[in-house]
There are 2 protein chains.
Amino acid sequence: MSVKPQYQGADRKQLQSVLRDAGFRSTEGRLALLAELKQSNKPLSVEILASHIGSRLDEANVYRALESFAQAGIARRVDLQHGHVHYEFAHGDDHHHIVCTSCDKVEDFAGCEYDRLAETALKQTRNFAKVTNHSFELFGLCNSCAT
Amino acid sequence: MSVKPQYQGADRKQLQSVLRDAGFRSTEGRLALLAELKQSNKPLSVEILASHIGSRLDEANVYRALESFAQAGIARRVDLQHGHVHYEFAHGDDHHHIVCTSCDKVEDFAGCEYDRLAETALKQTRNFAKVTNHSFELFGLCNSCAT
DNA sequence: CTACCTGCAAACGGTTTGCATTGCC
DNA sequence: GGCAATGCAAACCGTTTGCAGGTAG
């Protein structure tokens, strides 16, 4: 649970404008949080995020910030069925996750044909007007755990 | 939160054998729980289940029973993103749910092409051996909430 | 008779909230 | 200077656990 060195350079300014554009103030804590999210290649738990951020933001405020980020669309909440929430940086693409139920390894994959499936679902039920969101995760065993 | 009258008749015997076949003892509480699940057309929360069952099983044991049912494959855990678990009777089909984010109405739909998508995902990652499970739920607005 | 099942009550852990203070803009 | 963001501590709430007594097979 080491505290990351202060990220710096070009990235910092970029992250600052991400925050400002989303209507937030640019504070050390939120900047660090956003940097942490952005640099990760998988969804992170609040616990991990808080520990990486160290003293720049306490856990309660990590929750508050992440919730705000998600509402503003700059982060996404992901449910990996671990009993606690995970968040990831909201890059534009519609990707999903495959999770190893034994070691918790996570990888992305693309190609959930969401539009078409949503269409199908809407036709079937007749009681829904539109689909705004969806969850789709796969659970299985990674190569090393499968042997 | 009224307590349902005792279900009876043909169904009861059938449920008893479902329990026994799954390796459980057939007790009033579990029988009532299973009946409740079976008769519902949507996933139910533990809170609702416990209240419908009344004094035949307290909440802690509803949790224990549902967990056992899920492991035995006679019930399924469903995540509707309501902050608490839901369970449904495990009929054979692979169906999913569309949930109204405003009023929590839930309906089933079929046609998530799981096999094909799992295949795609496995090809993409190369680090996973197999997919054993998946989640797929749609969130949107029902006709009455959309207006 | 002996596991399995149950009720009750307490513990648990992730998340939320209240409130006084701080520090962006 | 005003309002968003923060730290700290306490509340919250769904869920799990321990244990002594009950009951199905």
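Keep in mind the model is a prediction, meaning the values are calculated, not measured.
Through direct or relayed side-chain contacts under 4.5 Å between Ile, Leu, Val, Met, Phe, Trp and Tyr, Leu141(B) connects to no other residue.
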Taking N or O atoms only and anything under 3.5 Å, show me the protein contacts with nucleotides 21-23 of chain C, one pair per line.
| from | atom 1 | to | atom 2 | distance (Å) |
| --- | --- | --- | --- | --- |
| dG23(C) | N2 | Arg25(A) | NH1 | 2.7 |

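Listed by chain and number, the residues in a side-chain hydrogen bond (donor to acceptor under 3.5 Å, both in side chains) with Asn133(B) amount to none (sequence neighbours excluded). In this structure, His84(B) has no side-chain hydrogen bond (donor to acceptor under 3.5 Å, both in side chains) partners at least two apart in sequence or on a different chain. By the side chain to side chain contact (heavy atoms under 4.5 Å, CB included) test, Val18(A) is found to be paired with Leu34(A), Ile74(A), residues two or more places apart in sequence or in another chain being considered. Taking Glu107(A) as the reference, Asn127(B) meet the side-chain hydrogen bond (donor to acceptor under 3.5 Å, both in side chains) condition, with sequence neighbours excluded. Taking His134(A) as the reference, His96(A), Tyr114(A) meet the ring-ring contact (aromatic ring centres under 6.0 Å, His included) condition, with sequence neighbours excluded.
Here CD1 of Ile98(A) is found 10.5 Å from CG of Asp108(A). Values are rounded to the nearest 0.5 Å. Rounding to the nearest 0.5 Å gives a distance of 9.5 Å between NE2 of His86(A) and CD of Glu47(A).
Phe109(A) has its side chain out of reach of His95(A): every pair of non-hydrogen atoms, C-beta onward, lies at least 4.5 Å apart. At least one side-chain heavy atom of Gln16(B) sits less than 4.5 Å from a side-chain heavy atom of Leu31(B).
Atom P of nucleotide dG14(C) and atom NE2 of His82(A) are separated by 13 Å, given to the nearest angstrom. As a whole-Å value, the separation of Ile53(B) CD1 from dT6(C) P is 10 Å.
When each of Tyr63(B), Phe89(B), Phe24(B), Tyr87(B) is tested with Phe69(B) by the rule ring-ring contact (aromatic ring centres under 6.0 Å, His included), just one qualifies, namely Phe24(B).
Within residues 58-67 of chain B, the residues that place at least one heavy atom under 4.0 Å from DNA chain D are, in residue-number order, Glu59(B), Ala60(B), Tyr63(B), Arg64(B).
Read 5' to 3', the first and last nucleotides of DNA chain D with an atom closer than 4.0 Å to a heavy atom of chain B are dG14(D) to dG25(D).
Recorded end-axis angle for the helix from dC1(C)-dG25(D) to dC25(C)-dG1(D) stands at 40°, based on five pairs per end and rounded to 10 degrees.
For the pair Gly23(A) and Phe24(B), both in contact range of DNA chain D, the more 5′-proximal nearest nucleotide belongs to Gly23(A).
Sorted by first then second residue, the salt bridge (charged side-chain N to carboxylate O under 4.0 Å, His left out) pairs that include residues 59-78 of chain A, not counting sequence neighbours, are Glu67(A)-Arg77(A), Arg76(A)-Glu88(A). Listed by first then second residue, pairs satisfying salt bridge (charged side-chain N to carboxylate O under 4.0 Å, His left out) with a partner in residues 109-120 of chain A read Glu113(A)-Arg116(A), Glu113(A)-Arg116(B), Arg116(A)-Glu113(B), not counting sequence neighbours.
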